[in-house]
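Some notes on the structure that comes next.
Below, chains carry the letters A, B, ... as their sequence lines are ordered, and counting in each starts from 1. Computed from heavy atoms alone, side chains included, the values below leave out hydrogens, waters and symmetry copies. This one's a predicted model, so the numbers in the text were calculated from it and none came from an experiment.
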Amino acid sequence: MTDVREIGLSVLSDAKETRSRVIQVEKGLISRNQELAEQNRQWFKVSNTLVFNVLSSPGSGKTTFLARTLSDLNNGLKAGVIVGDLATDNDAERIRASGAKTAQITTGGVCHLEADMIAKAAANLDLAGLELLVIENVGNLVCPASYDLGEDFRVVILAVTEGEDKPLKYPKMFKTADVVIINKIDIAEVVGFDREAALKNIRNVTPGAKIFEVSAHTGKGMEGWYGYLKRRLV
Amino acid sequence: MHEVGIAHNIVDIAEDYARREGAESIRTVALRIGAMAGVVPEALEFAFETAKAGTLAATATLDVEYVPLLCFCADCQLEFEIKDRFGIALCPHCSEPSADIRQGFELELRYLEVV
């Protein structure tokens, strides 16, 4: 009797084993975003629009930096900005004052922008008429690093108040940067910012990135950045 | 918040493959997650529990292979592991920071076990 039951159990478990099978997938979990980002990239190319994605911590001066850039270059430059914000449209309001067209994405708590959000927002901006499209990402140095939006280049902003070791703490974000802006240099001395250490850390993490030291508040150092942007716009 | 979106992607991809193969339900979802992927494992497991409800993966469990973060120091020709997830990549031999990350960015669905 015992033997029979044991045989019965083993047959049952064998049957169960043969029923289950393995499907190989080997697929990136954010590959859908990557596909949509490539679609965006094609669309931006066809409409002849230069696109950059701005990433930083909250409070690094992203909006001030963009508002000054856009109002200084606004002479004849047709620009649009997609502003990602967690809950308000205060940032979009400040950017609009510079004369650029804006589209707001309120993520409702999501910590980063994704390619499909950009496609929807850009559809409201009449892309064909824009030479420059700026994407102001959600203030966060972790999650947005993983999401390609279809941009031509990435600008990462580091304020002097954040400390010179931030590039080493968030290497993924800084590694993806084409341009690193060191902002708020007008108060660098007051906050004891170690400029040499910061430059060394940035170069260690992302040796190929262009570095501009600016104060978006006073305008100091912004010309170098404008020169770079104008070269990219040609 | 980030993990919720990723959990939904996992369920979407898994259901897509399982349906295509005519599977009735998914038992195991095997993932590969690098230390630098920007994912908190506990948060992902929690998000997956919600995302899988009412899908072919409703009773599925996650089987996660964690990939450590490995950096390379060119001066010392040394590959070394960084234990601290957002830690500074200093070579244990010469103490210089390294930007040459060899692995740890993985965020992939490896395979499914289905019935």
Side-chain angles (χ1 to χ4, degrees), chain A residues 15-36 86 107-117 138 140-147 163-177 197-198 200-209, chain B residues 1-14 16-40 44 63 69 71 82 84-91 96-101 104-115:
Chain A
K16 223 176 164 187
E17 283 306 310
T18 51
R19 275 176 63 217
S20 103
R21 60 190 199 278
V22 167
I23 304 172
Q24 290 298 330
V25 180
E26 289 299 338
K27 199 174 161 127
L29 290 179
I30 55 175
S31 56
R32 200 171 64 94
N33 183 75
Q34 195 57 47
E35 288 158 17
L36 294 172
L86 291 173
T107 64
V110 176
C111 51
H112 60 274
L113 296 179
E114 294 191 21
D116 65 329
M117 301 177 190
V138 177
N140 178 347
L141 279 179
V142 185
C143 313
S146 305
Y147 292 84
E164 42 287 317
D165 60 351
K166 214 142 200 189
L168 301 177
K169 286 181 177 164
Y170 299 90
K172 187 174 185 183
M173 176 60 80
F174 282 88
K175 271 192 96 59
T176 66
K200 180 169 167 258
N201 290 341
I202 294 167
R203 291 205 185 98
N204 269 325
V205 172
T206 176
Chain B
M1 287 312 294
H2 182 59
E3 283 79 1
V4 173
I6 290 171
H8 280 283
N9 288 353
I10 292 170
V11 173
D12 287 349
I13 296 170
D16 185 30
Y17 274 77
R19 278 221 180 83
R20 240 187 286 168
E21 299 283 331
E24 285 167 31
S25 80
I26 302 165
R27 272 192 193 168
T28 310
V29 178
L31 306 176
R32 184 180 295 116
I33 299 181
M36 208 57 172
V39 169
V40 178
L44 184 63
D63 177 6
L69 176 60
C71 288
I82 307 298
D84 189 1
R85 231 163 9 104
F86 284 102
I88 299 172
L90 294 181
C91 171
E96 283 298 309
S98 165
D100 189 353
I101 297 170
F105 284 110
E106 297 79 1
L107 185 55
E108 295 151 2
L109 204 166
R110 296 165 59 211
Y111 65 85
L112 305 174
E113 193 196 342
V114 300
V115 289

Evaluate side-chain contact (heavy atoms from CB on, under 4.5 Å) for A:Arg21 paired with B:Glu113, printing each intermediate quantity in order. CA-CA 6 Å; A:Arg21 60 190 199 278; B:Glu113 193 196 342; over 6 Å; no
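Other residues, nucleotides and ligands contribute at most 12 non-hydrogen atoms within 6.0 Å of the CD atom of B:Glu24.
Looking at B:Arg20, neither its backbone nor its side chain comes within 4.5 Å of chain A, counting heavy atoms on both sides. Contacts of B:Ile13 with chain A are made by side-chain atoms alone, with heavy-atom separations under 4.5 Å and no backbone atom involved. The parts of A:Lys27 that come within reach of chain B are both its backbone and its side chain, each placing non-hydrogen atoms under 4.5 angstrom from that chain. If you measure heavy-atom distances from B:Ala14 to chain A, you find no contacts under 4.5 Å at all.
Here the side chains of A:Leu29 and B:Leu31 are in contact, with some heavy-atom distance below 4.5 Å.
To the nearest 0.5 Å, atoms OG (A:Ser146) and CG (B:Leu107) are separated by 7.5 Å. Distance CD1/A:Ile23 to CZ/B:Arg110: 15.0 Å, rounded to 0.5 Å. Note that NZ of A:Lys200 and CD of B:Glu96 are 5.0 Å apart. Values are rounded to the nearest 0.5 Å. How far CG of B:Leu109 is from OG of A:Ser31: 9.5 Å, rounded to the nearest 0.5 Å.
The shortest heavy-atom contact between B:Arg27 and A:Ser20 is NH1-CB, 3.2 Å.
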